[in-house]
There are 2 protein chains.
Amino acid sequence: MTASVRERLTTSLATASKADRILANFMLSELSSLPFETAASLAAKVDVSEPTVGRFCRTLGYKSFKDLKDHLKQDIGQQPWLVSDRLRELRERAAAGEDQLAAGLELEISALVSIYELARTPEWTRVVKRLASTPNVYAVGFQTERGMAQILVNQLQYLRDGVRMLDLAGGSFAEVLVSDPAQSCLVIFEARRYSRLSRDLAIEAKKVGIPVTLVTDPFCDWGRDLVDEMFVVPTEFNQFWESTAQMASLANLLVNGVFLELGPKVEARMEIVTQLYSQFTGYVGKPVNRTSQSGGKPA
Amino acid sequence: MTASVRERLTTSLATASKADRILANFMLSELSSLPFETAASLAAKVDVSEPTVGRFCRTLGYKSFKDLKDHLKQDIGQQPWLVSDRLRELRERAAAGEDQLAAGLELEISALVSIYELARTPEWTRVVKRLASTPNVYAVGFQTERGMAQILVNQLQYLRDGVRMLDLAGGSFAEVLVSDPAQSCLVIFEARRYSRLSRDLAIEAKKVGIPVTLVTDPFCDWGRDLVDEMFVVPTEFNQFWESTAQMASLANLLVNGVFLELGPKVEARMEIVTQLYSQFTGYVGKPVNRTSQSGGKPA
DNA sequence: GTATCAATGAAAGTTTTCTAACATTTTGTC
DNA sequence: GACAAAATGTTAGAAAACTTTCATTGATAC
């Protein structure tokens with residue numbers, strides 16, 4: 001009993017009464033403006049009474065029309081992505097109240113979707129090109145987000161020269177801030193916890209004219225007018241505090257973009273770097289996948 | 001005076017007060033889920049009062065938050081906002097070959113699902129309990145995976161004492177390896193690139209009897225008989241090489257588990273740590289979410 | 001035809017959401 | 001550092017949204 005709103009509406013069509021069927025039909029065709037409706041406004045539109053709307057939602061298994069809307073929000077809907085029935089099972093458990101986790105899963109999935117959407121924006125393309133071509137690339141992040149910066153830097157280093165991780169260890173960020181702005185760019189990973197540091201850095205970078213890309217959570221209230229691109233990653237997954245985990249996917253996608261941009265010419269470099277790592281850390285395999293992409297032409 | 005909601009929000013950023021700017025930014029970041037919010041729920045998320053939300057909407061020229069939503073309806077227009085629709089769109093592009101990346105999305109989603117499945121296993125529970133109770137917790141990862149270890153360590157430190165990140169900087173891993181095995185445990189984040197180091201460490205740890213949890217990719221061929229728990233995270237997402245991004249989700253889930261295990265008694269500590277961070281990095285907000293879980297009893 | 005029952009609506013009650021008035025805090029100024 | 005002005009939070013009350021109860025309608029069975 002954990003069908004999506006759309007599914008429930010569709011199945012209800014078979015058995016529903018006249019008024020209910022009208023409602024179901026209307027809702028299905030106007031699914032996308034449903035969140036803006038209220039039980040009363042809906043009732044008026046299809047010319048039934050308000051209680052009928054409420055009752056209908058209850059026969060569908062929701063507590064009220066508002067409850068239906070709430071489900072719509074989390075509704076990832078249809079099977080296509082249903083990775084087997086494993087997920088369904090998780091969701092059913094969640095519905096039974098046994099599993100707080102499953103609700104978080106849906107939120108993480110929807111965060112992933114947003115990230116892949118970001119990767120289709122013009123800003124994304126701009127950043128990727130910049131990361132591929134600017135001589136000096138700096139990335140920075142504090143505390144947890146440092147890990148994200150590290151992912152970006154490590155992988156980019158396989159692909160190109162001049163990629164560095166910034167650090168407050170030196171006491172200032174002189175490294176970037178006194179570099180030639182035309183030759184440098186900066187990526188900041190941020191979450192609300194560490195706002196001030198990131199913000200100060202962004203301000204200074206703007207002052208000297210270094211392009212800044214900010215990856216942050218929806219709570220960031222200072223980025224928009226300071227940075228060149230701002231990528232907002234959802235971070236609320238029903239956990240006891242926010243999780244920036246999905247920023248890692250974003251970092252990887254960025255790196256992948258740079259790879260596509262640079263094209264096969266990086267392969268020689270990758271060989272060498274791989275060998276070096278191998279020499280110092282005992283790695284034996286190849287980091288490069290054998291996916292079709294790797295041989296393909298750059299985008 | 002017929003600007004779109006987005007435009008109005010953006011222009012307001014220039015002149016708005018602090019709370020208003022926070023609101024505007026958040027709204028801009030979460031435009032697509034705004035219709036589901038209510039003035040109160042929004043207020044709670046960005047931690048301002050309810051009337052502030054109403055007032056802000058009025059300064060934007062709307063009658064109320066509800067009125068803003070009504071206008072949003074026109075703005076959002078045809079653009080799909082339901083996660084299911086957005087996902088479908090990406091999938092269609094992938095199928096049409098227009099979007100190389102989108103093909104990887106499904107794989108990432110399914111990786112996420114497997115992680116949430118892991119979180120339901122007895123091994124998981126065992127690790128969580130161990131991470132909550134063992135006096136000394138060590139985590140380690142090399143290169144990219146170092147970022148994952150960092151996530152775990154950073155967040156665990158909010159919750160408890162005695163959590164450390166291991167490092168090869170010292171040349172050996174003496175720190176763990178000569179500690180009292182009954183008082184220590186170790187989490188290794190690994191991907192095939194750095195197999196040897198991780199493996200050597202695991203071997204030594206086993207020798208001295210320290211419990212080891214291994215988080216790795218599906219290519220790891222040495223873990224099973226060496227470690228106490230082995231969590232395998234999918235890493236092939238159609239990118240030019242493997243991505244361990246979803247390990248970040250795993251790390252976060254682990255931390256969340258420990259939080260639930262420790263229960264409300266950690267809140268005092270969290271307050272202190274938060275304050276310390278604030279002192280040194282200028283963080284001003286609260287890291288703790290106000291989700292229902294946070295107040296709830298431990299699992 | 002009429003008795004019965006499901007479906008629906010009307011009206012009144014309850015809860016949620018929003019607003020107005022006032023108190024408090026913050027910010028800026030001198 | 002004290003004052004004024006602006007911004008924000010608190011409290012309580014108005015409005016809206018939703019539910020419940022009960023009356024009415026209209027279909028179906030006999």
Side-chain angles (χ1 to χ4, degrees), chain A residues 5 8-9 11-27 30 33-73 192 195-196 199 219 221-222, chain B residues 5 8-9 11-27 30 33-73 278 282-286 290-292:
Chain A
V5 175
R8 291 200 202 179
L9 282 170
T11 41
S12 82
L13 280 174
T15 56
S17 68
K18 192 172 133 231
D20 286 358
R21 211 165 33 247
I22 295 178
L23 270 172
N25 271 309
F26 184 84
M27 285 178 156
E30 298 282 299
S33 58
L34 225 45
F36 300 100
E37 302 287 351
T38 171
S41 69
L42 237 180
K45 283 199 180 165
V46 302
D47 202 33
V48 299
S49 74
E50 216 179 316
T52 301
V53 176
R55 272 191 291 252
F56 175 54
C57 294
R58 239 159 292 133
T59 68
L60 289 179
Y62 302 103
K63 241 184 66 222
S64 64
F65 178 61
K66 199 145 46 96
D67 188 40
L68 182 149
K69 280 197 292 185
D70 287 347
H71 280 80
L72 199 57
K73 178 182 176 184
R192 59 178 156 173
S195 297
R196 225 205 49 206
R199 182 156 170 269
F219 299 94
D221 60 343
W222 52 267
Chain B
V5 175
R8 290 199 204 180
L9 282 171
T11 41
S12 82
L13 280 174
T15 56
S17 69
K18 193 170 135 233
D20 286 359
R21 208 166 39 245
I22 294 176
L23 273 170
N25 269 300
F26 186 84
M27 286 179 167
E30 302 274 286
S33 58
L34 268 195
F36 298 103
E37 302 287 352
T38 169
S41 68
L42 237 181
K45 285 202 177 161
V46 302
D47 203 33
V48 299
S49 73
E50 218 177 315
T52 300
V53 176
R55 275 191 289 249
F56 175 56
C57 294
R58 239 158 291 134
T59 68
L60 289 180
Y62 302 104
K63 238 185 68 222
S64 64
F65 178 62
K66 204 145 41 96
D67 188 40
L68 182 150
K69 280 199 289 186
D70 288 345
H71 283 80
L72 197 61
K73 185 177 172 182
S278 155
Y283 154 67
V284 285
K286 274 197 190 172
R290 56 294 105 240
T291 64
S292 56

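Naming: A, B, ... by sequence-line order, numbering from 1 per chain.
Between the axis at the start and the axis at the end of the helix from C/dG1-D/dC30 to C/dC30-D/dG1 there is an angle of 30°, using five pairs per end and rounding to 10 degrees.
Considering every non-hydrogen atom in both A/Phe219 and B/Lys45, the closest pair reads CE2-O, 3.3 Å. B/Val53 and B/Ala39 make their closest contact through CG2-O, 3.7 Å (heavy atoms, listed as atom of the first residue, atom of the second, distance).
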Extract from the structure each pairing of a protein N or O with an N or O of nucleotides 25-28 of chain D at less than 3.5 Å, listing the distance.
none

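Of the possible polar contacts, one joining the A/Lys69 side chain to the A/Glu37 backbone as a donor-acceptor pair under 3.5 Å is found. Remark: side-chain polar atoms of B/Asn25 are paired, donor with acceptor, to backbone N or O of A/Asp221 under 3.5 angstrom. Side-chain atoms of B/Asp67 come within 3.5 Å of backbone atoms of B/Lys63 as a donor-acceptor pair (strictly under, hydrogens ignored).
Here the rule is side-chain contact (heavy atoms from CB on, under 4.5 Å) with A/Met27, and of A/Val5, A/Leu34, A/Leu72, A/Ile22 only A/Leu34 fits it.
The NZ atom of A/Lys66 sits 13.5 Å away from atom CZ of B/Phe36, with the distance rounded to the nearest 0.5 Å. In this structure, the separation between OG on B/Ser41 and CG on A/Asp70 is 9.0 Å, given to the nearest 0.5 Å.
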Legend entry - Annotated protein contacts, base or backbone, on nucleotides 7-18 of chain C with a non-hydrogen cut-off under 4.0 Å, one of B, S, - each: SBBBB----SSB
Legend entry - B/Phe26 vs B/Leu9, side chain to side chain contact (heavy atoms under 4.5 Å, CB included): CA-CA, chis, key distance, verdict: CA-CA 10 Å; B/Phe26 186 84; B/Leu9 282 171; over 6 Å; no
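In summary, the side chains of B/Thr52 and B/Ser49 do present a donor paired with an acceptor at a separation below 3.5 Å, with no hydrogens or angles considered.
What separates CG of B/Asp67 from P of D/dA16 is a distance of 13 Å, to the nearest Å.
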